[in-house]
Amino acid sequence: MLLAGKVGLVCEGELKFVPSGLGVADGKLSLPDTDHDGETWILPGMVDVHCHLGMEGVRPLSRQDTLIQGAADRDSGVLAIRDCGAVRDNGWVKSESSMPRLIRCGRHVAKYKRYIKGLPVDVDNQADLPAMLAFQASRSDGWVKLVADWIDRSYGAQATLRPLWHPEVLKEAIAAAHEAGARVTVHSFSHEAITPLLEAGVDCIEHGTGMDTDQMQEAASRGIAVTPTLCQVGQFLNFAEPGRRKYPAYYRQMETMHRRRYEQVSQMVEAGIQIMVGTDTSARPLHGGIGQELAELRKAGLPAEQLVAAATWRTRQFLGLDNLTPGASADFLVYRKNPLANPEVLAEPSQIYLRGRRYK
């Protein structure tokens with residue numbers, strides 16, 4: 001197969017123009033060396049780095065329903081998923097050629113009674129956390145998912161989001177995961193949980209709503225990426241409202257983070273943090289809704305070039321996935337407008353190719 005017309009490639013921070021010699025053979029890309037004016041625009045496939053494939057709430061889904069979810073993601077332009085915690089092992093998806101590429105994080109790991117019931121592996125004794133992260137690393141694709149904070153209801157009316165783990169335990173646990181060959185991404189809403197995570201050497205932060213500017217700068221200097229999940233943060237008041245009377249301090253905490261969510265992401269960008277795109281469980285439709293998260297990031301002021309990078313090439317690079325290079329898997333999106341000048345088209349590719357097969 002040969003793509004007709006002049007082509008503009010957007011990859012790894014550079015814009016390259018190639019004539020009609022961009023081709024796909026045996027699922028691989030071949031690129032000419034000649035520069036030319038662009039008329040068709042090509043991006044590497046998008047990545048949803050905070051996705052829960054094969055789940056609805058805490059309920060694991062059948063294979064058929066999981067395939068439906070994955071197809072919806074693929075048809076939105078998401079050609080790779082980091083599954084950020086699943087109740088049931090969904091590794092079988094990797095053998096389905098029509099599904100987005102899957103990077104598994106294993107189960108969520110949380111403290112007993114300090115997260116959503118039925119979702120995580122619960123650790124009763126903090127001393128067991130390093131062994132549990134190492135075990136989850138053995139069952140994943142190089143990532144594990146740790147829950148760093150949640151509401152502590154034992155404080156009654158003064159209950160707020162509080163860290164789950166002692167700082168020294170965090171250091172040992174993250175070191176154990178690294179030694180087992182995995183990187184660690186963490187759920188964190190609160191401010192208090194962030195500094196111990198940074199000092200423990202975490203690799204990625206999900207949500208990050210409590211980060212202050214000093215913590216952001218430290219994260220940027222350490223190369224720690226953040227997935228803001230703005231669709232999810234947009235639901236904070238809904239999450240907190242049922243307990244508003246019983247836990248007023250928690251409600252105020254959540255309300256503040258909800259109100260500041262766009263400013264928060266703008267500060268992350270200013271600090272130089274690598275932003276990644278993740279839908280979590282609040283985009284609608286739940287799968288195939290990456291366009292809503294992209295629109296939220298645009299509202300937060302993420303510049304077009306950084307939005308494209310976050311959705312595609314830079315995140316793929318961070319995760320070790322192929323980009324648009326000769327011999328790479330042909331996982332790419334085709335646009336009729338330049339996404340760098342028209343970021344609103346990101347979620348509307350005119351053509352979608354995964355493993356060399358066209359799906360749109």
Side-chain angles (χ1 to χ4, degrees), residues 48-50 84 115-116 147-152 155 157-164 185-199 202 204-222 224-284 289-304 306-307 309-311 315 343:
D48 187 341
V49 301
H50 193 126
C84 219
Y115 195 50
I116 300 167
V147 178
D149 59 18
W150 199 246
I151 183 174
D152 189 340
Y155 285 80
Q158 297 305 311
T160 56
L161 296 164
R162 295 175 185 268
L164 271 61
T185 192
V186 293
H187 159 103
S188 179
F189 288 158
S190 71
H191 167 73
E192 293 80 3
I194 295 296
T195 294
L197 292 172
L198 299 177
E199 292 176 349
V202 72
C204 188
I205 294 171
E206 308 302 305
H207 319 301
T209 45
M211 298 178 77
D212 64 24
T213 53
D214 288 341
Q215 291 169 334
M216 292 176 190
Q217 290 169 0
E218 181 66 18
S221 71
R222 291 173 178 257
I224 299 170
V226 176
T227 313
T229 63
L230 280 171
C231 285
Q232 188 80 336
V233 179
Q235 296 297 314
F236 271 15
L237 296 186
N238 294 335
F239 299 159
E241 181 62 34
R244 185 173 186 174
R245 291 186 178 181
K246 190 172 182 180
Y247 305 115
Y250 168 68
Y251 182 87
R252 291 193 297 270
Q253 189 182 30
M254 295 289 277
E255 190 278 331
T256 298
M257 293 186 294
H258 175 270
R259 175 167 34 85
R260 294 191 64 255
R261 64 192 186 279
Y262 297 126
E263 178 186 357
Q264 183 82 358
V265 174
S266 179
Q267 290 176 343
M268 289 179 183
V269 173
E270 185 175 349
I273 286 176
Q274 176 172 341
I275 300 295
M276 301 199 296
V277 183
T279 57
D280 202 351
T281 59
S282 289
R284 289 291 179 268
I290 196 166
Q292 295 170 53
E293 187 66 24
L294 294 171
E296 287 291 285
L297 288 168
R298 286 169 55 210
K299 285 184 186 178
L302 195 66
Q306 292 191 41
L307 185 67
T315 295

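Sequential numbering from 1 along the given sequence is applied to the chain's residues.
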query = For M211, which of I194, T195, L197 qualifies under side-chain contact (heavy atoms from CB on, under 4.5 Å)?
reply = I194
task = Taking atom types as modelled, find out whether E293 and T229 have a side-chain donor-acceptor pair closer than 3.5 angstrom.
result = no
task = Could you tell me whether the side chain of Q267 and the main chain of Q264 form a donor-acceptor pair under 3.5 Å?
result = no
message = According to ring pair (Phe, Tyr, Trp, His ring centres under 6.0 Å), does anything in residues 227-256 pair up with another residue at least two apart or in another chain? List the pairs.
response = F189-F236
Candidate pair I224 and V202, rule side chain to side chain contact (heavy atoms under 4.5 Å, CB included), full reasoning = CA-CA 7 Å; I224 299 170; V202 72; 4.2 Å; yes
inquiry  = Is there a side chain to side chain contact (heavy atoms under 4.5 Å, CB included) between T281 and Q232? Walk through the geometry before answering.
reply    = CA-CA 7 Å; T281 59; Q232 188 80 336; 3.3 Å; yes
request  = Provide the closest heavy-atom pair for C231 versus A283 in the form atom of the first, atom of the second, distance.
outcome  = CB-N, 4.2 Å
query = Is there any salt bridge (charged side-chain N to carboxylate O under 4.0 Å, His left out) pair reaching into residues 228-244, and which pairs are they, with sequence neighbours excluded?
reply = E241-R244
request  = Taking the side chain as every heavy atom from C-beta outward, state whether Q306 and I275 have any pair of such atoms under 4.5 Å apart.
outcome  = no
query = Under 3.5 Å, side chain of S266 to main-chain N/O of Y262, donor-acceptor pair present?
reply = no
message = Can you give me the closest heavy-atom contact between A193 and S188, atom names plus distance?
response = CB-OG, 3.7 Å
task = Measure the CG-CD distance between D152 and Q158 for me, rounded to the nearest 0.5 Å.
result = 12.5 Å
query = If only atom types and distance count, is the side chain of D280 paired as donor or acceptor with the main-chain N or O of S282 below 3.5 Å?
reply = no
ask   = So among D149, T209, T160, which one has a side chain to side chain donor-acceptor pair (under 3.5 Å) with S190?
value = D149
inquiry  = How long is the straight-line distance from CD1 of I205 back to NE2 of H187, given to the nearest 0.5 Å?
reply    = 11.5 Å
ask   = Could you go step by step and tell me if L198 and Q215 meet the side chain to side chain contact (heavy atoms under 4.5 Å, CB included) rule?
value = CA-CA 8 Å; L198 299 177; Q215 291 169 334; 4.1 Å; yes
task = Return the minimal non-hydrogen interatomic distance between P228 and V233, and the atom names on each side.
result = O-CG2, 3.6 Å
task = Would you please name every residue forming a side chain to side chain donor-acceptor pair (under 3.5 Å) with T227, sequence neighbours left out?
result = E206
key: Nearest heavy-atom neighbours spanning M268 and G208   = CE-O, 3.4 Å
request  = Specify the closest pair of heavy atoms between A310 and T315, including all atoms of both residues, with the distance to one decimal.
outcome  = O-OG1, 2.6 Å
key: Heavy-atom donor-acceptor pair, R261 side chain to L230 backbone, under 3.5 Å   = no
query = Distance-only, no hydrogens or angles: does the D48 side chain make a donor-acceptor pair with backbone N or O of T279 under 3.5 Å?
reply = yes
remark   = Closest heavy-atom pair, E218 versus S221, reported as atoms and distance to 0.1 Å, is O-OG, 2.7 Å
request  = Give the ring-plane orientation class for H207 versus H50, where under 30° counts as parallel, over 60° as perpendicular and anything between as tilted.
outcome  = tilted
request  = Please report the C-alpha distance between K299 and E296 in whole Å, then the side-chain angles of each, then the deciding distance to 0.1 Å, and finally whether the salt bridge (Lys or Arg N to Asp or Glu O under 4.0 Å) criterion is met.
outcome  = CA-CA 5 Å; K299 285 184 186 178; E296 287 291 285; 3.2 Å; yes
